[in-house]
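Here the structure is a predicted model, which is why all the values come from computation and not from measurement. Residue numbers begin at 1 in each chain, while the letters A, B, ... track the order of the sequences.
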Number of protein chains: 2
Amino acid sequence: MNTRPLPLADDRSSERGDAARNRTRLLEAAALLVAERGVDAVTMDDVAARAGVGKGTVFRRFGSRAGLVRALLDHSEREFQQGFLFGPPPLGPDAEPLDRLVAFGRARIELVEVQGELLRAAESAAESHYFAPSHLVSLTHVDALLRAAGVGGDTRLLATSLVASLEATLVLHQWRELGYPLRQLADNWAELAHRVVTGTSASARDTRVVT
Amino acid sequence: MNTRPLPLADDRSSERGDAARNRTRLLEAAALLVAERGVDAVTMDDVAARAGVGKGTVFRRFGSRAGLVRALLDHSEREFQQGFLFGPPPLGPDAEPLDRLVAFGRARIELVEVQGELLRAAESAAESHYFAPSHLVSLTHVDALLRAAGVGGDTRLLATSLVASLEATLVLHQWRELGYPLRQLADNWAELAHRVVTGTSASARDTRVVT
DNA sequence: ATGATAAACGGACCGCAGTCCGTTTCTATT
DNA sequence: AATAGAAACGGACTGCGGTCCGTTTATCAT
């Protein structure tokens with residue numbers, strides 16, 4: 001239980017020359033190895049060796065395996081965020097909240113198709129990936145969309161529940177082990193989002209039809 | 001990647017005498033150690049040593065750390081299942097589907113209060129806990145309740161999404177790291193369930209009010 | 001240039017989950 | 001009671017993530 005290492009952003013400025021060089025070396029080596037073997041077959045020693053660097057250095061830079069993987073995902077993660085924060089509709093701001101919400105989930109699920117293993121590896125951190133910046137950004141975004149769509153109550157918690165169903169580990173399981181086409185999972189997200197937004201609040205528990 | 005060891009139920013009949021004896025010894029030892037140190041501080045070697053048994057035996061019996069933990073949870077898991085399958089309302093069959101759904105989530109979240117660490121340990125299996133019997137039972141139950149509440153479409157997938165927000169790892173995080181009272185998480189579940197059940201389907205996308 | 005100092009380095013080391021395989025023990029059969 | 005063969009046993013062994021700490025190196029002040 002250490003003091004959280006990367007609360008919201010990492011510095012990278014005022015970094016010593018060799019440190020910076022080793023970071024890029026490590027990232028390149030890791031990317032290469034992942035490309036040719038798949039994430040699950042790459043060990044931290046492999047990465048260190050390939051980068052021509054000591055193992056300690058890898059951990060000094062990235063803290064943990066999950067940290068390294070997150071760094072590898074950083075680029076596509078930024079793109080993804082750009083997409084739903086500033087991009088064109090239906091993902092970006094020039095669309096209705098509900099449409100954006102649906103598009104957000106679809107995009108996330110599509111991301112699993114190409115980066116599934118990486119995303120899963122990033123999630124399997126012992127001390128939760130729930131604190132990872134990218135995850136928090138998604139959460140906040142969904143929260144905002146819910147509120148913009150007129151949903152009341154504790155939208156942050158509602159957002160957490162929704163986002164939970166997009167976890168790469170789960171989606172990957174449904175897709176690869178259970179054989180659901182990603183398309184169907186995306187449709188299910190749409191259904192879920194739609195229902196949550198159009199549904200009535202639990203506090204106003206009255207107008208229920210007795211069939 | 002082995003052939004799935006315990007697809008839906010374990011035999012335990014036609015088990016050799018010493019095997020049976022060692023199973024109970026191991027479970028007792030494990031329970032004891034967990035009680036006095038907490039799950040996270042108990043290693044497989046510890047359990048083997050305390051039970052006076054070889055390490056190989058532990059893995060032969062339970063397959064993995066997660067498997068052992070699941071065995072430890074078996075009792076309370078059965079109770080839980082009894083509760084929502086045959087117990088009194090609002091959990092059991094003598095209540096409205098939506099009420100049962102809400103009660104189910106509340107019960108699950110309450111379970112985290114007392115067995116959170118154990119539940120989390122059971123979830124952190126590399127090769128997914130999604131195949132664990134208890135998980136499948138919950139899933140099927142929620143699925144059935146959704147259908148009984150008149151929800152159409154692929155209720156199985158919808159159930160999966162809902163159940164995802166009850167994962168012990170997540171609930172524990174919200175409770176212990178973020179400081180949400182369990183009560184509030186339970187209320188959020190109620191809100192989610194209510195909205196999903198009362199919401200309209202995404203396929204019928206028309207009667208939307210343009211504010 | 002040179003020296004002081006903090007930062008970064010590297011690889012031996014540790015702990016733990018999970019495997020392997022030679023040895024022991026149960027049980028069914030006669 | 002003897003025995004054969006399958007099942008179970010146990011603990012040394014492997015592989016990997018992560019840590020530790022003595023050594024090296026970049027940087028900055030003089």
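Look at CG on B/Leu26: it is 14 Å from P on D/dA8, rounded to the nearest Å. Atom CZ in B/Phe59 sits about 16 Å away from atom P in D/dA12, given to the nearest Å. In this structure, CG of B/Asp40 is placed 15 Å from C1' of C/dG15, rounded to the nearest angstrom. Rounded to whole Å, atom C1' of C/dC13 lies 12 Å from atom CG of A/Asp45. Atom P of nucleotide D/dA8 and atom CZ of B/Phe62 are separated by 13 Å, given to the nearest angstrom.
Donor-acceptor pairing under 3.5 Å, judged by distance alone, is absent between the side chain of B/Lys55 and the base of D/dA12.
Residues B/Thr198 and A/Arg195 bring no donor and acceptor atom of their side chains to less than 3.5 Å of each other. No donor-acceptor contact under 3.5 angstrom links the side chains of B/Ser128 and A/Glu177, judged on distance only.
Remark: the backbone N or O of B/Leu73 is not paired with any side-chain donor or acceptor of B/Gln115 at under 3.5 angstrom.
Residue whose closest nucleotide on DNA chain D sits further toward the 5' end, between A/Met44 and A/Gly56: A/Met44.
In terms of the ring-ring contact (aromatic ring centres under 6.0 Å, His included) criterion, residue partners of B/His141 (sequence neighbours excluded) are, by chain and number, B/Phe84, B/Phe104. By the side chain to side chain donor-acceptor pair (under 3.5 Å) test, B/Arg108 is found to be paired with B/Glu77, residues two or more places apart in sequence or in another chain being considered. With sequence neighbours left out, the salt bridge (Lys or Arg N to Asp or Glu O under 4.0 Å) criterion links A/Asp143 to A/Arg147.
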Detail all sub-3.5 Å separations between protein N/O atoms and N/O atoms belonging to nucleotides 7-9 of chain C.
residue, atom, partner, partner atom, Å
C/dA7, N3, A/Arg16, NH1, 2.9
C/dA8, OP2, A/Arg60, NH1, 3.1
C/dA8, O4', A/Arg16, NH2, 3.4
C/dC9, OP1, A/Asp18, O, 3.3
C/dC9, OP1, A/Asn22, ND2, 2.3
C/dC9, OP2, A/Arg61, NH1, 2.9

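In plain terms, the two heavy atoms of A/Leu118 and A/Val69 that are nearest each other are O-CG1, 3.2 Å.
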Show me, pair by pair, the donor-acceptor contacts under 3.5 angstrom made by side chains of residues 28-44 of chain B, not counting sequence neighbours?
residue, atom, partner, partner atom, Å
B/Arg37, NH1, B/Ala41, O, 3.4
B/Arg37, NH1, B/Asp46, OD2, 2.8
B/Thr43, OG1, B/Asp45, N, 3.4
B/Thr43, OG1, B/Asp46, N, 3.0
B/Thr43, OG1, B/Asp46, OD1, 3.4
B/Thr43, OG1, B/Asp46, OD2, 3.2

Take A/His135 and A/Arg70, measure what side chain to side chain contact (heavy atoms under 4.5 Å, CB included) needs, and give me the verdict at the end. CA-CA 11 Å; A/His135 183 257; A/Arg70 278 202 278 271; over 6 Å; no

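B/Gly17 comes within 4.0 angstrom of the backbone, heavy atoms only, and of no base.
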Where does DNA chain D pair, written as one dot-bracket string 5' to 3', with Watson-Crick or G-U pairs under 3.5 Å, ( ) inside the strand, [ ] for crossing pairs and | for another strand? ||||||||||||||||||||||||||||||

